[in-house]
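Accompanying notes for the structure given below.
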Amino acid sequence: QATANNPDNAKFRWTVEHAWQLENYVQDRSAPQVEALAKCMQADQIELQGTYDNDLFDLNSPEQMTRQLYEGTREFPEKFGVPVHTAIQDDVTGVTEQEIQVMAKAGIKLVLNGSNVGHTARDQQTSTLYWSKAPDGSKVLTFFAADAYPEAYNSDPLTGPGTDAG
């Protein structure tokens, strides 16, 4: 709120990486505090990602994959009046084809995927932007960060630095 009247490039911005963070924040806050949060989200100063947490999707059932996206792509966007088009999957080396299908059906257009350096089997020197394709033919644009996960936060591969993927 303190930077709300600053020029756009000088405003404070924060990404709620997963819905569980928001879920835990709002349960212990007063109605005015939650309303202030909603205003910051609607002003594009706070952005919500679609996933509930960093999940090992290959261990999930189809039901678990679907429910893992519910709060981030349905419940909270409706409650706060904001769209969600991106998902973050960090500290896990990828996303399964089945989860790509579930994400696409939930409206996710971009996945930011980053692994801690040295914790992935990929010998990758540069970041990669590619389409992840699901068994049903749906796809989600995927940014795999070669130099750990913070790299993905610095720009939006769809539209450029500091803009929304929607």
Side-chain angles (χ1 to χ4, degrees), residues 1-57 60 64-95 99-100 102-117 127-129 132 139-166:
Q1 291 172 337
T3 65
N5 295 321
N6 288 3
D8 196 51
N9 64 350
K11 291 180 181 177
F12 173 81
R13 289 190 175 15
W14 189 66
T15 300
V16 180
E17 199 170 314
H18 299 291
W20 74 266
Q21 293 171 304
L22 187 58
E23 175 185 67
N24 285 292
Y25 179 84
V26 299
Q27 73 184 2
D28 295 329
R29 299 302 182 272
S30 67
Q33 288 173 311
V34 174
E35 288 171 25
L37 172 68
K39 287 179 183 175
C40 288
M41 292 175 81
Q42 292 161 3
D44 292 328
Q45 287 186 268
I46 297 177
E47 181 182 4
L48 174 64
Q49 304 301 302
T51 51
Y52 185 75
D53 60 9
N54 280 331
D55 219 345
L56 295 171
F57 295 116
N60 287 349
Q64 288 170 314
M65 284 188 226
T66 302
R67 288 182 181 269
Q68 200 269 118
L69 290 169
Y70 181 78
E71 282 183 298
T73 62
R74 297 290 183 267
E75 183 178 326
F76 287 136
E78 289 175 16
K79 179 176 182 163
F80 292 105
V82 295
V84 172
H85 301 291
T86 56
I88 295 176
Q89 182 67 358
D90 284 334
D91 299 322
V92 179
T93 57
V95 180
E99 185 62 15
I100 292 296
V102 173
M103 286 181 176
K105 289 182 184 297
I108 298 296
K109 296 177 183 178
L110 174 68
V111 175
L112 304 174
N113 182 226
S115 298
N116 288 319
V117 177
S127 297
T128 305
L129 183 65
S132 291
K139 59 187 180 177
V140 174
L141 191 60
T142 303
F143 179 80
F144 185 85
D147 191 21
Y149 51 87
E151 182 181 353
Y153 299 139
N154 293 329
S155 73
D156 184 326
L158 285 177
T159 56
T163 57
D164 185 358

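Counting from 1, the numbers follow the sequence of the chain as shown. Here the structure is a predicted model, which means the values were calculated and not measured. Only heavy atoms go into these numbers, but all of them, side chains included; no hydrogens, no water, no symmetry mates.
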Distance (rounded to the nearest 0.5 Å) between Asp28 CG and Glu23 CD
11.0 Å
side-chain hydrogen bond (donor to acceptor under 3.5 Å, both in side chains) partners of Glu78, counting only residues at least two apart:
none
Has the side chain of Arg29 got a donor or acceptor atom that lies under 3.5 Å from a matching backbone atom of Glu35?
no
Where is the tightest heavy-atom contact between Met103 and Ala87, given as atom of each residue plus distance?
CE-CB, 4.1 Å
Counterpart residues, side-chain hydrogen bond (donor to acceptor under 3.5 Å, both in side chains), relative to Gln21 (two or more places apart)
none
Separation between CD1 (Ile88) and CG (Asp53), nearest 0.5 Å, reads 12.5 Å
Lys105: side-chain hydrogen bond (donor to acceptor under 3.5 Å, both in side chains) partners, not counting sequence neighbours
Asp136
Taking the side chain as every heavy atom from C-beta outward, state whether Gln68 and Thr51 have any pair of such atoms under 4.5 Å apart.
yes
Atom CD of Gln49 and atom CG of Leu22: how far apart are they, to the nearest 0.5 Å?
12.0 Å
Arg13 side chain near Asp8 side chain, heavy-atom distance below 4.5 Å:
yes
Taking all atoms of both residues into account, what is the closest heavy-atom pair of Tyr52 and Trp20, and its distance?
O-CD1, 2.7 Å
With sequence neighbours excluded, tell me which residues meet side-chain contact (heavy atoms from CB on, under 4.5 Å) with Val84.
Leu48, Pro77, Ile108
Does Asn24 CG have over 12 foreign heavy atoms under 6.0 Å away?
yes
Name all residues meeting the side-chain contact (heavy atoms from CB on, under 4.5 Å) criterion together with Pro32; count only those two or more places apart in sequence or in a different chain, and write none if there are none.
Ser30
Once rounded to the nearest 0.5 Å, what's the spacing between atom CD of Gln89 and atom CD of Glu17?
9.5 Å
Partners of Thr3 by side-chain contact (heavy atoms from CB on, under 4.5 Å), sequence neighbours excluded?
Asn6, Lys11, Phe12, Gln45
How close do Ser132 and Thr142 get, counting heavy atoms only, and between which atoms?
OG-OG1, 2.7 Å
Once you round to the nearest 0.5 Å, how far does CZ of Phe144 lie from CG of Leu129?
13.0 Å
Run the side-chain contact (heavy atoms from CB on, under 4.5 Å) test against Val82 and tell me which residues pass, sequence neighbours left out.
Met41, Gln42, Phe80
Given side chains that start at C-beta, do those of Thr86 and Glu47 come closer than 4.5 Å, heavy atoms only?
yes
